[in-house]
Amino acid sequence: MKAATTEGFLFHSKLTTTETDTPSLAEHDVLVEVHASSVNPKDWKLNQVFSSLIPNTRFFKKPLLIGDDLAGIVVEKGSAVHNFEIGDAVFGMDMHPRTAACAEFARIDAHCIARKPNNLSFSEAAACPLAGLTALQGLRLGQVKTGSKVLIIGASGGVGTFAVQLAKAMGAQVTGVCSGKNIALVRKLGADQVIDYQQEDITQRQDNFDLVFDVTSHQSLASCTHLLRSGGIFVSTGGNAHAIVSTLRDRMLHRRQHAQGVWVSPNTADLNALANFIEQGTVVPVIDSQFPLHQVNTAYQRNRTGHCVGKVVIAVK
């Protein structure tokens, strides 16, 4: 089968495709014929770097590490899998490096997939798992409910586009932060107000949000304290070391507000909840661009720009 891998070393590495064996299954796994995958910053911040450190030799084959999200058809299942059948159309993700979803076939734990929403194509479904679960679980950490006042920093990105729609579906009053060129999109997704960060420094504003959800990982509770009411919650996606350290520090030091970090937990129940929102028409994945598998490096370079509107998808089949 064809699968994404790396050539080169560390930050000079690039992605390419290789021919490799179809993965074998453990008892709780399924084998998915992948129709589409999608790119997440974790892929090039961690997985690509780790992969580039491992040489390919005649005695040791480089393990496949690229890709978390997938959508496709179950073609084989382990002996302990009872809630999925051969032929099921599924979508899902796993943070475990072995998933290697950017390939023609991928193994994944059955607890990390759900049946694909009926109203989505495989490409659309592949755009949903990691970004959608990050948004859903982050909003839960922020205790969003009807009437909550929510600020989403990075509202036009992969996670942000889901967060805006999910927060509105939960009954929140949503303010999005994005660049001027994406204001119309964020409003279309349901934001009640939109702030252009190119025109206003959000960290200088005084407000009383119940939740500040920073999906860019550039801010901290310390920089956003004056945006929150007393008892308000700051949530970060923790996409870099600075964000992780800042969140841990802020959790220890602040009292009037609280800091949380989203460490995504893939599971069938949350994927089903996300699928329900999608099938009801209240959440729609936003796709920035799509590339075939042989252009995987171009897809990753697009994501690296930091200017994607929604998700970058890789069409495998």
Side-chain angles (χ1 to χ4, degrees), residues 40-42 45-46 95 129-178 186 189-195 197 200-267 269-271 273-274 277 283:
N40 297 290
K42 169 184 172 287
K45 288 180 179 179
L46 294 177
M95 298 293 278
L130 197 153
L133 291 185
T134 301
L136 179 65
Q137 293 173 9
L139 292 169
R140 285 179 181 163
L141 281 174
Q143 302 176 20
V144 173
K145 57 184 181 297
T146 300
S148 293
K149 188 176 177 182
V150 176
L151 178 71
I152 298 169
I153 302 174
S156 61
V159 177
T161 52
F162 281 102
V164 169
Q165 296 177 85
L166 287 167
K168 284 301 297 181
M170 294 174 180
Q173 178 185 344
V174 178
T175 299
V177 180
C178 64
V186 174
L189 294 176
D192 301 285
Q193 299 180 53
V194 185
I195 298 170
Y197 70 79
E200 178 182 351
D201 182 353
I202 189 67
T203 64
Q204 300 304 308
R205 173 181 282 226
Q206 297 285 332
D207 220 310
N208 62 338
F209 289 99
D210 299 293
L211 168 65
V212 172
F213 190 4
D214 176 28
V215 305
T216 69
S217 299
H218 292 156
Q219 301 300 328
S220 65
L221 176 55
S223 67
C224 295
T225 294
H226 54 282
L227 292 168
L228 288 162
R229 66 167 175 81
S230 180
I233 301 172
F234 173 85
V235 175
S236 172
T237 51
N240 53 50
H242 166 74
I244 294 170
V245 171
S246 296
T247 299
L248 293 173
R249 178 201 65 204
D250 291 338
R251 290 186 70 173
M252 292 186 291
L253 297 180
H254 287 259
R255 295 293 180 266
R256 293 177 61 251
Q257 292 94 14
H258 309 283
Q260 297 280 0
V262 188
W263 320 119
V264 180
S265 174
N267 63 87
D270 280 357
L271 285 166
L274 183 61
F277 282 115
V283 172

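- By the side-chain hydrogen bond (donor to acceptor under 3.5 Å, both in side chains) test, Ser156 is found to be paired with Asn182, residues two or more places apart in sequence or in another chain being considered.
- Using a 4.5 Å heavy-atom threshold, the side chains of Val215 and Val262 count as separate.
- Considering all non-hydrogen atoms of both residues, Ala155 and Val164 come closest at CB-CG2, 3.8 Å.
- Residues Glu200 and Val177 fail the side-chain proximity criterion, which asks for heavy atoms closer than 4.5 Å.
- Side-chain contact between Val212 and Gln219 is absent, with no heavy atoms from C-beta onward closer than 4.5 Å.
- Minimum heavy-atom separation, Ala172 to Val150: CB-CG2, 3.8 Å.
- Gln173 meets the side-chain hydrogen bond (donor to acceptor under 3.5 Å, both in side chains) test with no other residue; sequence neighbours excluded.
- Within the 4.5 Å cutoff, no side-chain heavy atoms of Pro266 are placed close to those of Leu271.
- Residues Gln137 and Asn267 meet the side-chain proximity criterion, which asks for heavy atoms closer than 4.5 Å.
- Between Phe213 and Leu139 the shortest heavy-atom distance is CD2-CD2, 3.9 Å.
- Interatomic distance, Leu189 CG to Leu166 CG, rounded to the nearest 0.5 Å: 11.0 Å.
- Remark: Asn40 engages Asp69, Lys311 in a side-chain hydrogen bond (donor to acceptor under 3.5 Å, both in side chains) (not counting sequence neighbours).
- Expressed to the nearest 0.5 Å, how far CG of Leu221 lies from CG of Asp214 amounts to 11.0 Å.
- Pairing each heavy atom of Leu141 with each of Gly261, the nearest pair is CD1-O, 3.5 Å.
- You'll find the side chain of Lys168 reaches within 4.5 Å of the side chain of Asp192, heavy atoms only.
- Note that the CD atom of Gln206 and the CG atom of Leu227 stand 7.5 Å from one another [nearest 0.5 Å].
- Arg229 contributes atom CZ, which lies 10.0 Å from atom CG of Leu211 (distance to the nearest 0.5 angstrom).
- Across all non-hydrogen atoms, the minimal contact from Ala131 to Gly158 is CB-O, 3.7 Å.
- At a threshold of 4.5 Å between non-hydrogen side-chain atoms, the residues Cys224 and Ile153 count as touching.
- Between Phe162 and Ala135, the shortest heavy-atom distance links the atoms CB-CB, 3.7 Å.
- Residues Lys42 and Met95 are in side-chain contact: their nearest non-hydrogen atoms beyond the backbone lie under 4.5 Å apart.
- Note that CD of Gln143 is 12.5 Å distant from CE of Met170, once rounded to the nearest 0.5 Å.
- The backbone N or O of Ile233 lies less than 3.5 Å from no partner atom in the side chain of Gln260, so there is not a single donor-acceptor pair.
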What do the steps show when you test Ile202 against Leu151 for side chain to side chain contact (heavy atoms under 4.5 Å, CB included), and what is the final call? CA-CA 10 Å; Ile202 189 67; Leu151 178 71; 4.1 Å; yes
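- When the options Leu136, Thr134, Leu133 are evaluated for a side chain to side chain contact (heavy atoms under 4.5 Å, CB included) with Val159, the one that passes is Thr134.
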